[in-house]
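A note on names: the letters A, B, ... follow the listed sequences, proteins ahead of strands, and every chain is numbered from 1.
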4 protein chains.
Amino acid sequence: MQVKKEEIRQTIIDVATNEFMRMGYENVSMRVIAYKANTTIGNIYHYFKNKEVLLQTILIPVFDNIENLMKQHFENEIKCPLTQKEALYYAEHLEEFFDKSELRGFLDKRIVIILKLESSSLLERKEKFIEELQEHLQQHIRMKDDAHYSKIVIDVLADCLKHVLIEHDNINDAKAEFIKLFRLFCTGFIGQMK
Amino acid sequence: MQVKKEEIRQTIIDVATNEFMRMGYENVSMRVIAYKANTTIGNIYHYFKNKEVLLQTILIPVFDNIENLMKQHFENEIKCPLTQKEALYYAEHLEEFFDKSELRGFLDKRIVIILKLESSSLLERKEKFIEELQEHLQQHIRMKDDAHYSKIVIDVLADCLKHVLIEHDNINDAKAEFIKLFRLFCTGFIGQMK
Amino acid sequence: MQVKKEEIRQTIIDVATNEFMRMGYENVSMRVIAYKANTTIGNIYHYFKNKEVLLQTILIPVFDNIENLMKQHFENEIKCPLTQKEALYYAEHLEEFFDKSELRGFLDKRIVIILKLESSSLLERKEKFIEELQEHLQQHIRMKDDAHYSKIVIDVLADCLKHVLIEHDNINDAKAEFIKLFRLFCTGFIGQMK
Amino acid sequence: MQVKKEEIRQTIIDVATNEFMRMGYENVSMRVIAYKANTTIGNIYHYFKNKEVLLQTILIPVFDNIENLMKQHFENEIKCPLTQKEALYYAEHLEEFFDKSELRGFLDKRIVIILKLESSSLLERKEKFIEELQEHLQQHIRMKDDAHYSKIVIDVLADCLKHVLIEHDNINDAKAEFIKLFRLFCTGFIGQMK
DNA sequence: AATGAATGAGCGTTCATTCAT
DNA sequence: GATGAATGAACGCTCATTCAT
């Protein structure tokens, strides 16, 4: 019943990623991961020192990627800051720009895991990431953020991502719906009213 | 070491309310509640038959209240539905109307607990409440809700409430910030840009 | 709500006696006794130092009584030992002799409690009582009891008593059925066959 | 400290069987079983999903067996019903027939557990089994069972089994004593008198 | 590489009991 | 005399984790 090493390792990661996204890291037991990955708890520990390391294996690449994307995005912003008018334009035509924009990096189950993470050693890195995100958003919104809008906006982002990723297995459907939602928050609920 | 009944009972409720709001009902242990309320597990069970009943004691009054408020709100809506223009006006001057509006009932830690609730017998009541909320929102936004905007909007509401209630002990500060956030979502992020 | 002292004390004893008989001493909680006696746990402890003492209060009088009866019975036996023929006669006409015989002392809920008792400090006294009963029975059966018949017979007695006392609230009905059962065991199952 | 799987599993079953028989299923704690089986609570749950399943593992085979035996017995009975004379003969010479008779299936610790069982999902199956036993007995005794003799007889059977199985580790000794007791109840106590 | 036996801490809960009021 | 607040040990059970095989 021996399977190629990488295969089962990847299955464990895939199963854990899905479960962590849906249920939250804290609420997923090694038992169910083992069961859904058709292996045993002991074998998961063969590949990953502990639950924490399994989480890190899943999240660290996406941390690296997203931090990179944000750095690029930040640099572009400084060169040519968006005006409100431009922002509106982008929001309206997001379909065209999505894949080229740094937003593409967010449409990822693992981002949901990060944004909902409540314990683990990665919390620190999460906080740093959230802070950077907040700063970016403040750049965009360009205002004193005394109401901590940006913090909320990030939670909202997490909810939207979780929602579209759970509802739509097909990545294109997910993208389409995410874009709709993103636009909704850009222009506001009242903008939707007739 | 005996304390007046209502005192410790209220302490338990207060501690539980805070912990449930911050960590979620499922992630709070009776031991932690006992410890933070300066009592013992056994004594909590003296006041509340089980964890579930403790939760119900906390949530049922707010369920009753909020369902009432929503009914009123719904009836008012039907008599004179909001136009986009009026909505904008209300959003701009929310400070003046907040205490009279049905929104006031939402500024409550216990609403956060409800919105984040994942297990317990109250789930059914929660779902009914969420459904009604969704219907209301679809009335307001007056659109086909094919992207399930309303579901997301509710999650967003939960995040906002959680945020402002955790950050601000003072109810007025919490209110002020909630109003800001509410307005933000009404008019959109881009509207905030200069 | 103050009731005459003896009244509530007796109620507690009555409730406890019934519960102990039906469920066994070990399986009855102070909670249910308090509830069924319309009082509080604390108040039971006001009357009885602990569960053990409550049990003793119930059982000690019956211990005293039954030990007495057995002594009398033993003395009578020695004066004029039963022959098999006489025994058969008594078994056949038990209705007439029951109230005068020492058997009458056994038709008591508290005997059931004793015979089913598994823990408590009274176990020692129970064992002594059982031993005496055994000796009596060996007198009656007049045989080497290498198969410990008598021990079994006592368990059988307990079962019969429990059965008739639970099934029949009316003491006369209980007596009638107990006599039938007693006769059955005296003459054997095969004796019942046509 | 790892032991061969079946060894510890069987030890747990053996310990549990003994404890359940002696104390009754409800009065045995998993901690005690773990301690007497030289293992830990957690490890018992490694082998058995819960206490209920441990009980089922012990009892279901004996349920299957005994139900089968009773079916056979019932069929034989119908073909050639016992007369009183034959019954007496069998009772007298039970040693010779025991191993061939359906009675052999009853000389089992697990039968005692069943007969004393008060809770658990197996109760239903127990009740069905008891009912069948009662019907059989009424067949044998061939009488109106208005005093519920059969119910009592079954309790008596449980007591006898418990007694001989606890007193005699050696199965042959147990059998011998069980036969003596069985005969006693067939012919009655008075029959034993000189 | 893989299994699953084993551990111990912690969970929600019940219980007998104590004691201030 | 009566209440009920308070305690701590024990219950059945789950979990992350370790380790021999």
Has the side chain of [X] got a donor or acceptor atom that lies under 3.5 Å from a matching backbone atom of [Y]?
| X | Y | answer |
| --- | --- | --- |
| K126(C) | L117(C) | yes |
| E26(A) | E118(A) | yes |
| N43(D) | H46(D) | no |
| N27(A) | M23(A) | yes |

Would you say [N] has OP1 or OP2 under 4.0 Å from some side-chain N or O of [X]?
| X | N | value |
| --- | --- | --- |
| S29(D) | dA10(F) | no |
| T39(D) | dA5(E) | no |
| Y45(B) | dT13(E) | yes |
| R31(A) | dT14(F) | no |
| H46(A) | dA1(E) | yes |

Check every strand shown and say whether [X] touches a base, only sugar-phosphate, or nothing at a heavy-atom separation below 4.0 Å.
| X | result |
| --- | --- |
| V32(D) | nothing |
| V53(B) | nothing |
| N43(C) | base |

Original post:
Does Y25(A) have K51(A) sitting over its ring (NZ/CZ under 6.0 Å from centre, angle to axis within 45°)?
Top reply: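 So K51(A) does make the cation-pi contact.
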
**OP:** Salt-bridge test for E6(C) and R9(C): reply yes if a basic N is under 4.0 Å from a carboxylate O, no otherwise.
**Re:** yes

**OP:** State plainly whether the residues K116(D) and D159(D) are in salt-bridge range, i.e. N to O under 4.0 Å.
**Re:**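 Looking at K116(D) and D159(D), the cut-off is met.
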
Subject >> M30(D) or G42(B), whichever maps to the more 5' nucleotide of DNA chain F >> reply: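 It is G42(B), whose closest nucleotide lies nearer the 5' terminus.
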
Original post:
Starting at the 5' end of DNA chain F, which residue's closest nucleotide do you reach first, I44(B) or E52(D)?
Top reply: I44(B)

Just the rounded figure in Å: distance from [atom2] of [N] to [atom1] of [X].
| X | N | atom1 | atom2 | answer |
| --- | --- | --- | --- | --- |
| I41(C) | dT14(E) | CD1 | P | 12 Å |
| Y25(C) | dC15(E) | OH | C1' | 12 Å |
| I33(C) | dA16(E) | CD1 | C1' | 11 Å |
| E7(D) | dG4(E) | CD | P | 18 Å |
| F48(A) | dA1(E) | CZ | P | 13 Å |
| N27(B) | dG12(E) | CG | P | 10 Å |
| E26(A) | dG10(E) | CD | P | 18 Å |
| L55(B) | dT13(E) | CG | P | 11 Å |

Original post:
What do the steps show when you test S121(C) against Q56(C) for side-chain hydrogen bond (donor to acceptor under 3.5 Å, both in side chains), and what is the final call?
Top reply: CA-CA 9 Å; S121(C) 71; Q56(C) 286 170 358; 3.1 Å; yes

Original post:
Which dot-bracket string fits DNA chain F when only Watson-Crick or G-U wobble pairs with both atom distances under 3.5 Å count, crossing pairs get [ ], and | stands for a partner on a different strand?
Top reply: .||||||||||||||||||||

Original post:
Of all the choices, dA5(E), dT13(E), dA2(E), which nucleotide is nearest to the side chain of Y47(A) once you look at every atom?
Top reply: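 Of all the options, the side chain of Y47(A) is nearest to dA2(E).
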
Original post:
More 5' along DNA chain E: V28(B) or N38(A), using each one's nearest nucleotide?
Top reply: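 Nearer the 5' end of the strand: N38(A).
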
